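Here the structure is laid out as structure tokens; the discussion comes afterwards.
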2 protein chains.
Amino acid sequence: MSVIDAVSATAAGLVVAINGSETELSWRWVRDHGEDQESFDPTTKQRRVYAINPESPQPAMRAELSVIDGTPIVCIIWPESPEQTWISQSTITDLLDPRPPSARTCWHRPQETAVTKGNVSDVLTNDAALSAWVGDIADFGFGVLGGFQGGHNEVTALARRIGYPQSTIFGTTWDLASDIDAHDDTAYTQTFLAPHTDGTYAHEAPGLQMFCCTERSGTGGESVIVDGFAIAETLRTEHAEDFEVLTSVSVPGHYIEPGVELRTSRPAIRLDDHGNIVQISMNNYDRSPMHLPSGDMDAFYRAYGQLHEFANDRSRWMSIRLEPGDVLINDNWRVLHGREAYTGGRRFVGCYLNHSDLESRMRTLGV
Amino acid sequence: MSVIDAVSATAAGLVVAINGSETELSWRWVRDHGEDQESFDPTTKQRRVYAINPESPQPAMRAELSVIDGTPIVCIIWPESPEQTWISQSTITDLLDPRPPSARTCWHRPQETAVTKGNVSDVLTNDAALSAWVGDIADFGFGVLGGFQGGHNEVTALARRIGYPQSTIFGTTWDLASDIDAHDDTAYTQTFLAPHTDGTYAHEAPGLQMFCCTERSGTGGESVIVDGFAIAETLRTEHAEDFEVLTSVSVPGHYIEPGVELRTSRPAIRLDDHGNIVQISMNNYDRSPMHLPSGDMDAFYRAYGQLHEFANDRSRWMSIRLEPGDVLINDNWRVLHGREAYTGGRRFVGCYLNHSDLESRMRTLGV
């Protein structure tokens, strides 16, 4: 963890030295980032000051490193004494010298995963079991539990350990089986389903999908998971042109049934401002008509075809036959899921959760 | 509406002439966009063919304009006769010569709005009343109803005419009043609330927020709405540099309370690939610490300050005093909302809905 070596006040701003390198933070920035009681409400964690006035604030008189209630701070003393502003040193070091993002365990082969099968009743009652489950989702993009009993209420109780079942055209919690004709979708058949992500037609693509198995007979029907982040990183290093196309071309998706016409578009690989991969979106079934200038269209087909080839490479597949009582939860922003064709009965109850709530739970659990 | 003047088959692809301008669509593109029963499932609206193979398909033998069941189509005849692919002409014209997006009614002064107050029981039972309500949201970013009675169940029933109440840390449907201490947030006080959007800390920012008034006494407390799209268009034309900053700099937001740590970032003005404004995000209360290289930080403060100034210009505010039975619904991706300080009692039940579901309802109602 970085530490601040020294601070000083100049006419233009606060000068902060970290690891021998100096950065000047304007006095407006300092007013905007105060964490003392005058500047910031410690209960709501919301700003109290409004520092975006047209006039720049007066320069401070003095700045010094200090400690308040055990927290290392930078204390700024203004000319209108005794007014002071303080900012915790860690806020400044987090912004000026941020820690690298924690490395994700991308997996290219199923044997590179180390997901441990937990138990539903443990997760419901025990924070260590919850942390192990959420930790697997954070590390590998999916988690597995056994010991599920019940139906929709029990799905809700389990989901509430992470976040909230989200209401969509499929319901808040749903049943999934081939004998359901509530929706005209390939998911509600017995055919093979190639790996894909859900909700390519919605701005709010599900963050997680949870499948709780309640019935299983016959052959086939293994659940299949592929690490989309691993594929995207391979594309980045080995097929740089395709990666560029897949991060920049918006791919439209749709879901249409009576009374419903959902549409959106986003790149198959979505990056944040720092180039980190944050979301994979791919569903060739629900892809909408699109047209690009002719060279770009060829490049798109080549790139999307390469992505599709990796996603359909069986050596990359984690294959799990879920039996009654088994629960599979997938990070739908990271892994693609599918299933083998099957015979007989295969029934799940499940739900969708938001990615924001997953990330919040990961932060509060420290996984 | 555009029409196709002529089609022909070349070795490289299908040549389409629209308004005297020719475009060549590769045979791979044609295979990918087939709408005949072999290529496309008319029930699920999902693709049946997979056209992204490494090998390009053979050129077609012939292409012709035709009509099937009253639908003008392009019919493509392949060498492997009698195989045919057809694509509706409107699919092709929509992609090659799209209609301009319908003009939104941006409003800069409240008198430029023409929102009509509907009635809850009409909206619940009558599609014309629903269309008028959703039409106001589409045109002006908000809608108003009277005649609300009841509580959480009635909020759900009304919301279900558009989409689904979404579950968040605030609940699926919620109560809002100053005597509620469930959340440490400025919203749960009697103070002035400057115009803002909700959920700047969530990837899935609410698309709509619905406030159903159940109690009102005392003074003040008017609800305030500002058209963020109008402000953004003014910035685009009159403050181009600020517009550029606000569309490109990601602004982080957070919501923190025990067991919750929600964080995300996005530009204050989010554009689609065509430069259309799709989402405004601004909440100075929930903005997180951020740092940019010093010139960029100054430019951000100037641009954000200009946005803030427009949002806080009272001449832009639509001000509504909601009385018991009144319902206000806001497009949280377009308008900013706030409220005047107040005395006495002021109580709402309400909920959040997704923007995808609003857009779906707008499409199926044709508003």
Side-chain angles (χ1 to χ4, degrees), chain A residues 24-26 28-29 32-33 43-47 50-54 91 94-96 164-168 172 184-186 201-204 207 250 254-257 259-265 273 284-287 289-291 294 297-298 301 304-305 308 354-357 359-360 363-364, chain B residues 24-26 28-29 32-33 43-47 50-54 91 94-96 164-168 172 184-186 201-204 207 250 254-257 259-265 273 284-287 289-291 294 297-298 301 304-305 308 354-357 359-360 363-364:
Chain A
E24 188 181 82
L25 301 165
S26 73
R28 191 195 298 276
W29 186 97
D32 191 35
H33 285 79
T43 316
T44 65
K45 310 280 190 295
Q46 293 179 318
R47 280 185 164 66
Y50 178 67
I52 310 187
N53 301 303
T91 294
D94 282 352
L95 291 171
L96 299 188
Y164 309 89
Q166 290 302 317
S167 300
T168 70
T172 305
D184 288 318
D185 193 274
T186 318
Y201 45 77
H203 303 309
E204 313 80 5
S250 286
H254 65 271
Y255 189 101
I256 299 174
E257 62 180 35
V260 177
E261 187 175 338
L262 291 160
R263 294 183 180 278
T264 194
S265 65
D273 293 345
N284 198 51
Y285 302 103
D286 294 339
R287 188 161 51 84
M290 62 188 284
H291 183 254
S294 91
M297 200 73 225
D298 292 345
Y301 280 129
Y304 198 80
H308 204 274
N354 278 344
H355 212 270
S356 288
D357 292 317
E359 293 172 32
S360 172
R363 290 188 192 102
T364 59
Chain B
E24 188 181 83
L25 302 164
S26 73
R28 190 195 298 275
W29 186 96
D32 191 33
H33 284 78
T43 316
T44 65
K45 310 281 189 300
Q46 292 179 318
R47 279 185 164 65
Y50 178 65
I52 309 186
N53 301 303
T91 295
D94 281 354
L95 291 171
L96 298 189
Y164 309 89
Q166 291 301 318
S167 300
T168 70
T172 306
D184 286 319
D185 193 274
T186 318
Y201 44 77
H203 303 310
E204 313 80 5
S250 286
H254 65 271
Y255 189 101
I256 299 173
E257 62 181 34
V260 178
E261 188 175 338
L262 291 160
R263 293 183 182 278
T264 193
S265 66
D273 292 345
N284 199 50
Y285 302 103
D286 294 339
R287 188 161 50 84
M290 62 188 285
H291 183 255
S294 95
M297 201 73 225
D298 292 344
Y301 279 129
Y304 198 80
H308 204 275
N354 278 344
H355 212 271
S356 289
D357 292 318
E359 293 172 31
S360 172
R363 289 188 192 102
T364 59

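Order of the sequence lines fixes the chain letters, A, B, ..., with proteins taken first and strands second; residue numbering starts at 1 for each chain. Here the structure is a predicted model, which means the values were calculated and not measured.
In this structure the side chain of A:Y201 never reaches within 4.5 angstrom of the side chain of A:I256, judged on heavy atoms. Contact of the A:Q166 side chain with the B:Q166 side chain is registered, since non-hydrogen atoms from C-beta on lie closer than 4.5 Å. Looking at A:R263 and B:R363, their side chains come closer than 4.5 Å, going by heavy atoms from C-beta outward.
In this structure, chain A has a heavy atom under 4.5 Å from the side chain of B:T91, while its backbone stays farther away. With a 4.5 angstrom heavy-atom cutoff, B:D273 touches chain A only via side-chain atoms.
Annotation: maximal heavy-atom pairing with chain A below 4.5 Å, among B:H291, B:M297, B:R287, occurs at B:R287. Put simply, of A:S167, A:S265, A:S26, A:A202, the one with the most heavy-atom pairs under 4.5 Å next to chain B is A:S167. Counting heavy-atom pairs closer than 4.5 Å to chain B, the top residue among A:T264, A:T172, A:D298, A:L96 is A:L96. When each of B:M290, B:H355, B:H254 is checked for heavy-atom pairs under 4.5 Å with chain A, B:M290 comes out on top. For the set B:L25, B:D357, B:D32, the count of heavy-atom pairs under 4.5 angstrom toward chain A peaks at B:D32. When A:H203, A:E359, A:H33, A:R28 are compared by the number of non-hydrogen pairs under 4.5 Å with chain B, A:H203 comes out ahead.
Looking at every heavy atom in both residues, B:T364 comes nearest to A:V260 through CG2-N, 3.6 Å.
Looking at B:E204, its side chain never comes within 3.5 Å of a backbone N or O of B:N354 through a donor-acceptor pair.
Under 3.5 Å, the side chains of B:E257 and B:Y255 contain a donor-acceptor pair of N or O atoms.
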